[in-house]
Amino acid sequence: MKTADEIRRSLESTYMSHEIDEKLPLIEEINRLKKEKNAVLLGHNYMTPDIFHGVSDIVGDSLYLSKVAADTKAEIILFNGVHFMAETAKLMSPEKKVLIADLKAGCSLAESITRKDVQDLKAKYPGIPVVTYVNCTADVKAETDVCCTSANAVQIVNSLDSDEVIFLPDEYLAGNVRNQTKKKIISFPGRCMVHEMYSPEDILSVRRQWPGVTVISHPECKEDVVAISDFSGSTSQMAKFIKDSGAKDVFLVTECSMGDNLRAEFPERSFVSSCRTCPHMKKITLEKIRDALLYERYEIELDPEVIEKGRMAVQRMLDISYK
Ligand code: 13P
Ligand code: SF4
């Protein structure tokens with residue numbers, strides 16, 4: 001458990017000292033409550049620094065957090081991320097109480113596709129395996145052969161014994177996978193509302209202003225953005241690349257809080273992070289987390305049939321990824 005001084009230091013690169021003074025009592029209250037309730041707080045890399053550094057027990061990308069959710073011994077999992085992530089935790093630990101602090105923390109990709117859409121695609125392309133990006137509802141996962149995340153999409157697609165794959169629902173991630181595999185990829189027009197906004201011109205402009213800057217993009221960006229980046233990977237792969245490469249000036253082509261969280265971790269590097277935020281991730285706040293623990297709300301509940309089928313698709317992914 002971090003001390004109050006350690007938490008303060010990790011927040012100093014984002015907040016003014018009076019803001020930290022306001023946040024610290026709430027952070028302390030949450031950390032006390034989670035011990036009393038035997039709850040584990042999982043925090044996605046896009047959480048704001050007060051949540052990421054202040055109250056999360058385990059942080060990471062969606063692949064790592066789905067593995068952690070499958071393995072945890074805690075009685076309650078409070079998922080600080082978006083709804084599909086909490087649903088994935090419920091699929092992997094159905095006997096646990098899985099909470100999310102705001103049920104409206106959605107995702108434009110998850111909202112882009114329904115179970116019926118997947119059934120229609122399966123009818124149109126019989127026998128072709130369906131890979132769905134984990135950014136989808138549990139209902140959609142239940143209709144799928146295997147899930148993937150941005151950390152392992154190419155690995156999952158290449159592992160399938162088929163020359164063609166239906167890849168849902170992110171059309172840009174599908175395009176980026178297509179560029180790295182020999183398989184034929186059938187895609188769907190889903191998009192992330194954060195990453196679809198970036199254009200190659202944004203990168204060229206930053207490169208003009210900061211010559212030598214290292215450009216790191218998320219694979220939910222368009223193919224032409226990824227093509228002129230120095231590296232593209234999941235949120236945790238981005239952090240690992242920064243650590244391993246020693247890159248000094250970094251342009252993060254992704255959600256805003258990622259830069260804030262990394263600035264605290266790598267104080268000697270400079271981060272050019274655009275402040276494009278995910279409105280869904282930003283629905284999760286310290287106040288709502290405190291109330292979620294206090295009142296043990298809002299619980300994720302799923303149909304047993306969805307749990308059984310959706311869990312298989314996520315488990316297959318974990319088996320391939322962590323074999
Ligand atoms: P990661 O799997 O890279 O953490 O990404 C999740 C996400 O929602 C990105 O927009
Ligand atoms: Fe969904 Fe994009 Fe927000 Fe990630 S950043 S949760 S993909 S809308």
Side-chain angles (χ1 to χ4, degrees), residues 42-48 51-52 56 58-69 79-89 92 100-113 131-138 140-141 147-156 167-177 188-198 216-222 225-226 229 231-242 252-262 273-284 314 317-318 321-322:
L42 308 187
H44 186 260
N45 290 325
Y46 291 164
M47 289 291 100
T48 47
I51 299 172
F52 186 87
S56 299
I58 302 169
V59 293
D61 61 5
S62 44
L63 174 63
Y64 181 61
L65 294 179
S66 59
K67 178 169 165 23
V68 168
F79 209 115
N80 297 322
V82 291
H83 195 266
F84 77 79
M85 295 179 178
E87 277 193 339
T88 308
M92 301 320 290
I100 184 159
D102 188 329
L103 285 168
K104 293 202 193 76
C107 168
S108 66
L109 277 170
E111 281 148 30
S112 70
I113 190 162
V131 177
T132 56
Y133 190 30
V134 76
N135 297 38
C136 64
T137 61
V140 166
K141 288 184 178 77
C147 284
C148 74
T149 74
S150 52
N152 60 17
V154 176
Q155 182 192 13
I156 300 290
F167 189 98
L168 309 170
D170 185 345
E171 67 171 295
Y172 296 137
L173 180 61
N176 287 313
V177 170
F188 187 84
R191 292 168 181 193
C192 163
M193 62 191 288
V194 174
H195 294 97
E196 71 170 340
M197 300 310 287
Y198 291 104
I216 303 182
S217 62
H218 195 276
E220 288 168 9
C221 293
K222 294 173 186 132
V225 168
V226 168
S229 301
F231 177 76
S232 179
S234 78
T235 53
S236 289
Q237 288 171 336
M238 289 178 177
K240 184 171 182 316
F241 179 83
I242 291 166
L252 284 171
V253 189
T254 193
E255 211 269 353
C256 176
S257 291
M258 183 81 195
D260 293 336
N261 292 328
L262 290 175
S273 51
S274 70
C275 246
R276 178 127 192 106
T277 56
C278 171
H280 303 289
M281 292 277 182
K282 267 44 268 188
K283 285 207 163 63
I284 307 298
V314 180
M317 167 185 82
L318 293 177
S321 259
Y322 289 98

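Owing to the predicted nature of the structure, the values given are computational and were not obtained by experimental measurement. Both counts, for ligands and for their atoms, begin at 1 and track the order of listing. Every heavy atom of this structure was used, including side-chain atoms; hydrogens, water molecules and symmetry mates were not.
Here the protein heavy atom with the shortest distance to atom 3 (Fe) of ligand 2 is Cys278 SG, 2.4 Å. In terms of protein heavy-atom proximity, atom 2 (Fe) of ligand 2 is nearest to Cys192 SG, 2.3 Å. The protein non-hydrogen atom at the shortest distance from atom 1 (Fe) of ligand 2 is Cys107 SG, 2.4 Å.
Ring orientation note: the planes of His44 and Tyr46 are nearly perpendicular, at an angle over 60° on the 30°/60° scale.
Proximity of Val134 to Met85: side-chain heavy atoms (C-beta onward) are nowhere separated by under 4.5 Å.
A side-chain donor from one of Asn45 and Ser236 sits under 3.5 Å from a side-chain acceptor of the other.
Among Val194, Asn135, Asp170, the residue whose heavy atom sits closest to atom 4 (Fe) of ligand 2 is Asn135.
Around the OH atom of Tyr64, the shell of radius 6.0 Å holds no more than 12 heavy atoms that belong to other residues, nucleotides or ligands.
Counting heavy atoms closer than 4.0 Å to ligand 1, residue Asn135 contributes side-chain atoms (C-beta onward) but none from N, CA, C or O.
Within the structure, the closest approach of Glu255 to ligand 2 does not fall below 4.0 Å when heavy atoms are considered.
The Ser150 neighbourhood of ligand 1 comprises atoms 1 (P), 2 (O), 3 (O), with distances under 4.0 Å to a heavy atom of that residue. With ligand atoms numbered from 1 in the order given, ligand 1 contributes 7 (C), 9 (C), 10 (O) to contacts under 4.0 Å with heavy atoms of Glu220.
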Give the intermediate values and the outcome of side-chain hydrogen bond (donor to acceptor under 3.5 Å, both in side chains) for residues Ser229 and Ser217.
CA-CA 6 Å; Ser229 301; Ser217 62; 2.9 Å; yes

I'd like to know whether Ser257 forms a side-chain hydrogen bond (donor to acceptor under 3.5 Å, both in side chains) with Lys282, so could you lay out the CA-CA distance, the side-chain angles of the two residues, the decisive distance to 0.1 Å, and finally the verdict.
CA-CA 9 Å; Ser257 291; Lys282 267 44 268 188; 2.6 Å; yes

